[in-house]
Amino acid sequence: MVKHIIPNSLKEALDYMDGHYTTIVAGGTDLMVQRRNWAELPPTFTSDPVYVFHLSELNYVNEDDKNVYIGAVTPMSVLLDHPATPQLLKDAIAIIAAPGLRNMATIAGNIGNASPAGDSLPILYALDALVRIQSKSQNSLLPIAQVIQGPRKTILDNNELITEIVIPKDPFTFQMFRKVGGRKADAISKVSFTGSVRIEGKHVTDLRIAFGAVAPTVVRVRDIEMEYEGKTVKQLQQQVKSLQEAYATYIRPIDDQRSNKEYRMNVAMNLLEQFISSLKEE
Amino acid sequence: MNDISRSIPKLDSVPKAFGNERYVNDIRYENALYAKTLRSPHAKARILRRRYPELPAGYHIIDHTHVPGENVVNIIADDQPVFAADRVTYYQEPILLVIGPDKRVVLKLMKDIHIEYDIEVPQFEWTDSVVHYHFTKGNLAKVKEQADKVIRREYHSGYQEQLYIEPQGMIGYHDGKQVILEGSLQCPYYVKNALIRTLNCADDYVRVRQATVGGAFGGKEEFPSLIACQLAVAIEVIRKPIRLIYEREEDVESTTKRHPSHITMTAYVKDNEILGIQSEVGLDGGANIGLSGVVLSRALIATTGVYTIDHLDVTGDVYRTNTVPNGAFRGFGAPQMLFAVEMFMHHVAAELKVDALAFRQRYLAKQGDHTSTGGTFRDPIIMPEMLSRVLDESDYLNKRERYASPDSHRGIGMSWVLHGCGFTGSGEATHIKARVKLHKRTTDEVEILIAAVDMGQGVKTTMTKLVATILDVPMSQVIYDNPDTNFVPDSGPTVASRTMMIVGGLVARAARRLRDEWNAGEDQWIEERYVQPDYIKWDETTFHGDAYPAYSWGINIVEVEVDPATYEVTVLETWNIYDVGKAIDEQVILGQADGGQLQGLGLGYLEVMNHKQGVIQQRNVTDYIISTSVDTPPMHNYLMDNPYPLGPYGAKGAGELTLVGGAPAVALAIEQAIGKEIHEIPVTPERIMELMNDE
């Protein structure tokens with residue numbers, strides 16, 4: 001039998017997690033589906049669920065000159081309306097599921113769940129988001145790419161909880177997010193593309209590209225980006241084929257009940273091309 | 001008198017919006033037990049041995065050994081057992097029920113059941129033809145010799161899932177005299193007749209009541225008989241209330257769907273004129289024949305769609321495969337065929353390098369023409385008037401020209417469709433023999449006693465309105481409760497777009513008689529029976545004669561945009577016009593128009609379902625994609641009156657008509673947007689990519 005834990009504070013949660021085998025429930029929008037049971041029976045947990053969605057100390061959006069700070073249980077619908085939320089993240093949230101679900105879902109949950117199709121993840125990768133992870137005795141801030149290890153796999157230890165997401169405020173001049181699902185709303189991504197650039201004069205001084213749902217984790221390759229940073233917009237546009245080839249080795253999509261490899265690869269490449277060709281000198 | 005078409009509030013809108021309707025899962029009996037189905041994990045296997053666990057007190061396993069009568073679900077073909085006995089022929093075929101008061105214990109017992117199988121090689125290829133039909137019109141062999149050109153195309157369509165909001169379910173008990181079942185179903189008497197056969201009991205030993213139905217679309221035509229029979233066997237043994245309610249994934253994996261099809265059409269042409277057409281139609285029946293033969297005949301009869309072609313050779317086969325049995329779904333074989341014929345007429349025109357619209361107009365059926373089966377279109381056909389109206393409203397001609405360049409990434413497509421109203425052939429007269437009753441109580445309230453089911457389509461509203469209008473009494477004086485076989489006569493199943501035209505026709509006749517014989521304060525009963533019009537002749541062995549008493553007609557125009565980077569289709573806007581004779585309630589028909597079109601468009605471009613080794617891959621509403629409100633385009637729907645003399649106030653069928661043209665219209669629009677011929681639905685982005693990259 002599992003014990004259902006409803007802590008009164010973050011401290012209580014971390015205290016209980018220290019020494020117990022637990023499952024964190026934030027909005028529960030993915031988890032409750034994964035653990036579904038015959039109707040009217042409780043979900044099938046194999047470790048003690050710790051409910052954190054109600055912890056107001058983790059429900060906030062703050063900002064300073066450098067960063068935006070998002071509490072781990074801030075619902076997506078709050079982020080969608082908040083002036084401090086980065087625009088790309090808003091773009092992604094606006095087409096995640098449906099309004100009812102967005103009232104419960106959290107981006108910390110997206111991270112903890114580590115689904116290759118999690119729609120907020122490519123944005124967090126592209127924006128160099130940092131994830132605060134706390135346990136009873138530790139508090140660390142790690143880049144998102146280090147936190148997510150594989151499909152449904154994170155670096156988090158059993159006694160650790162995601163408490164905050166920190167997103168640096170980098171100045172971009174152009175950004176694009178495209179999610180391709182089976183329909184226009186309430187769909188799981190077949191592939192998604194995120195692009196962010198800073199263009200100063202003729203030159204691309206900051207280039208960030210992330211692909212979702214085309215590999216075990218989000219594809220963002222800093223080496224490729226650095227190779228093209230410093231080039232002019234025109235050069236970048238002339239070299240789009242080689243840029244596509246560079247990403248092709250990192251994009252390893254699968255065939256599943258929603259789409260197939262060829263489509264995912266093709267669309268990822270088309271969106272990359274579309275992004276690059278939309279760039280304009282400042 | 002007011003025009004009967006003028007809309008009134010739909011009677012079920014308020015209770016449904018407020019959550020006050022009781023669906024089967026809302027019906028609670030004290031001490032009801034829960035039943036769960038144990039299913040085959042294999043697509044084909046012999047059952048060698050079963051080892052059941054020891055059962056705690058109050059728990060039961062019900063299997064084929066408990067069936068008192070025949071272990072067969074009475075559909076049309078006798079090939080679905082109530083419980084699999086010595087073999088299973090599809091993945092998720094039901095084998096037994098585990099029943100008891102605590103769901104957790106039931107689940108635990110399910111795990112402790114061991115069944116030993118001898119796994120056999122399943123059949124997934126379409127080679128085992130179990131139904132074969134062939135008919136001709138004119139003399140195709142002769143015109144083949146005259147042809148200077150032969151044009152052939154193959155068309156394919158996939159599964160479609162009804163995806164009613166409320167999954168299948170039934171609840172029942174024994175009251176000491178009768179086995180009483182209440183369920184989500186379309187055909188109370190199909191269920192009752194199936195129960196009598198399975199229980200081997202007297203006619204009055206079983207009672208079937210319709211619970212409020214949360215959507216059906218044909219999915220609750222024959223399938224509920226299976227769970228009803230299982231539940232009745234269990235109730236007969238256990239004598240306690242039992243509920244058998246499906247979970248969504250269980251429902252999607254194990255219940256009937258629309259038949260996938262392969263259709264080959266060959267046109268024999270001379271001097272740019274079609275002399276004759278040969279069609280070869282194949283349907284995947286799944287593991288059982290069930291209704292597939294009837295679905296096939298409706299497909300075959302629709303072989304030339306709205307066109308008159310003098311020489312035809314039509315063959316059809318239902319293939320048995322070790323996959324989930326396919327069955328009734330709104331349209332019933334016609335959507336697959338109409339997709340093929342509408343695409344084909346465009347493809348023939350393209351190959352002949354003639355204007356498709358003018359080409360099709362030459363063949364458009366006129367009153368007095370002979371149908372594909374040599375029957376006669378007796379009633380006026382107003383398609384030319386409908387066409388001119390909808391061309392205007394949509395600006396089709398200009399758009400068709402403007403989108404001719406593939407750089408526009410836009411397209412507009414137009415389908416012309418008809419739908420035969422009522423049962424195919426002489427089904428109404430020989431199989432159904434509908435009876436209806438009106439009962440006037442001493443309070444002068446009038447009760448409509450028919451077996452027709454309101455599954456959201458609005459029949460409670462329209463039947464009540466029909467009777468109230470004829471009797472000139474307030475709606476509140478007319479009563480139409482959910483059918484209960486203890487009280488209502490068999491007016492036939494709620495299928496085949498027959499309810500208003502056939503059943504409503506009888507109800508209207510009964511109401512007129514009641515009006516004429518009205519005695520205030522007196523208890524009065526009126527009964528009417530279906531009589532086939534003399535001039536309708538049908539030979540079901542040769543497929544010759546009038547396949548339907550009447551036809552409804554429609555035109556769908558769909559405008560799309562295709563994203564060249566992601567190959568996604570956006571349906572921008574649609575224009576649709578229908579001749580349903582006369583709308584008994586305009587809003588009810590417009591409701592059918594919206595819903596039917598979304599389902600038809602879904603079949604055409606959105607709803608993907610396939611199986612892998614007999615296992616359905618899209619098992620829930622996350623993976624099986626139907627339109628959301630965001631995908632729904634503005635839909636402009638128009639109705640034109642063309643009253644049918646034998647329908648109530650001129651009404652014909654409407655429910656299926658609104659679906660059948662959606663797929664070809666959207667496929668034709670996509671075809672224009674990408675500049676490639678389309679032969680397969682749904683036209684998914686994955687398929688569009690292949691077509692666009694295939695230079």
Side-chain angles (χ1 to χ4, degrees), chain A residues 1 29-30 33-34 36-44 94-101 115 117 176-193 195 213 244 253 255-278, chain B residues 25 28 34-37 102-107 110 167 169 243 245-250 563-571 601-602 605-612 615-633 682 684-690 692-693:
Chain A
M1 277 296 260
T29 54
D30 272 315
V33 178
Q34 290 162 19
R36 65 187 174 279
N37 202 346
W38 189 1
E40 298 166 14
L41 288 182
T44 53
I95 49 175
I96 287 176
L101 190 133
S115 159
M176 167 174 143
F177 173 73
R178 265 307 287 277
K179 164 180 173 167
V180 182
R183 62 182 160 210
K184 299 203 177 301
D186 222 347
I188 311 274
S189 282
K190 295 175 178 179
V191 45
S192 79
F193 175 87
Q244 285 175 319
D255 289 330
D256 65 8
Q257 72 276 27
R258 290 190 272 271
S259 189
N260 62 46
K261 285 183 213 160
E262 295 74 23
Y263 178 79
R264 289 180 159 115
M265 173 63 93
N266 244 287
V267 171
M269 291 303 160
N270 290 350
L271 292 173
L272 173 61
E273 185 180 355
Q274 195 178 73
F275 173 67
I276 298 295
S277 62
S278 331
Chain B
N25 201 20
R28 300 281 153 166
Y34 298 100
K36 187 91 185 153
T37 312
D102 187 328
K103 282 185 169 182
R104 287 166 297 186
V105 178
V106 169
L107 286 179
M110 298 270 294
R243 40 198 303 126
I245 312 280
Y246 277 19
E247 301 285 287
R248 173 65 66 191
E249 292 179 351
E250 179 178 31
D563 186 314
T566 65
Y567 317 104
E568 291 168 294
V569 172
T570 302
V571 179
L601 292 175
Y605 87 105
L606 208 54
E607 300 187 25
V608 179
M609 180 170 277
N610 41 48
H611 76 79
K612 205 187 231 174
V615 180
I616 294 293
Q617 297 296 292
Q618 297 78 9
R619 307 184 312 143
N620 51 42
V621 293
T622 305
D623 289 340
Y624 186 69
I625 298 287
I626 64 169
S627 296
T628 65
S629 55
V630 185
D631 301 278
T632 302
T684 59
E686 286 78 4
R687 195 158 286 142
I688 292 172
M689 175 190 81
E690 283 172 29
M692 287 178 75
N693 291 347

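Everything numeric in this text was worked out from a predicted model, so none of it was measured. All heavy atoms count here, side chains included; hydrogens, waters and symmetry mates do not. Below, chain A is the first sequence line, B the second, and so on; all start at residue 1.
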Mind ranking A/M269, A/E40, A/E273 by heavy-atom pairs under 4.5 Å with chain B and telling me who comes out on top? A/E40
When only pairs under 4.5 Å are counted, which of B/E568, B/Q617, B/E690 shares the most heavy-atom pairs with chain A? B/E568
What part of B/N610 is in contact with chain A, defined as an atom under 4.5 angstrom from a non-hydrogen atom: side chain, backbone, both or neither? neither
Name the region of B/V569, side chain, backbone, both or neither, that has any atom closer than 4.5 Å to a heavy atom of chain A. backbone
Indicate yes or no: at least one non-hydrogen side-chain atom of A/K190 is less than 4.5 angstrom from one of A/V267. no
Please state whether the side chain, the backbone, both or neither of B/P564 comes within less than 4.5 Å of a heavy atom of chain A. backbone
With a 4.5 Å limit on heavy-atom distance, are the side chains of B/Y567 and A/V180 in contact? no
From the list A/V191, A/N260, A/D256, A/N37, the residue making the most non-hydrogen contacts under 4.5 Å with chain B is A/N260
Most heavy-atom pairs under 4.5 angstrom with chain B, which of A/R178, A/Q257, A/E262? A/Q257
Side chain to side chain, A/M176 and A/L271, heavy atoms closer than 4.5 Å: yes
Given the options B/D623, B/L107, B/N25, B/T622, which has more heavy-atom pairs under 4.5 Å with chain A than any of the others? B/D623
Answer with side chain, backbone, both or neither: which region of B/R104 has an atom nearer than 4.5 Å to a non-hydrogen atom of chain A? both
Counting C-beta onward and ignoring hydrogens, is there a side-chain heavy-atom pair between B/Y624 and B/E607 closer than 4.5 Å? yes
Taking side chain as everything from C-beta outward and backbone as N, CA, C, O, which of these in B/T684 sits under 4.5 Å from a heavy atom of chain A? Side chain, backbone, both or neither. neither
Just so I understand: if I count every heavy-atom pair under 4.5 Å between each of B/V621, B/V608, B/T570 and chain A, which residue has the most? B/T570
Winner by heavy-atom pair count (cut-off under 4.5 Å) against chain B, out of A/G182, A/A39, A/G181: A/A39
Under a 4.5 Å cut-off applied to non-hydrogen side-chain atoms, are B/V630 and A/I95 in contact? no
Aromatic rings A/F193 and A/F275: how do their planes relate, parallel, tilted or perpendicular, breaks at 30° and 60°? tilted
Presence of salt bridge, A/R36 and B/E247, under 4.0 angstrom: no
Between A/D255 and B/K612, does any side-chain N to carboxylate O distance fall below 4.0 Å? no
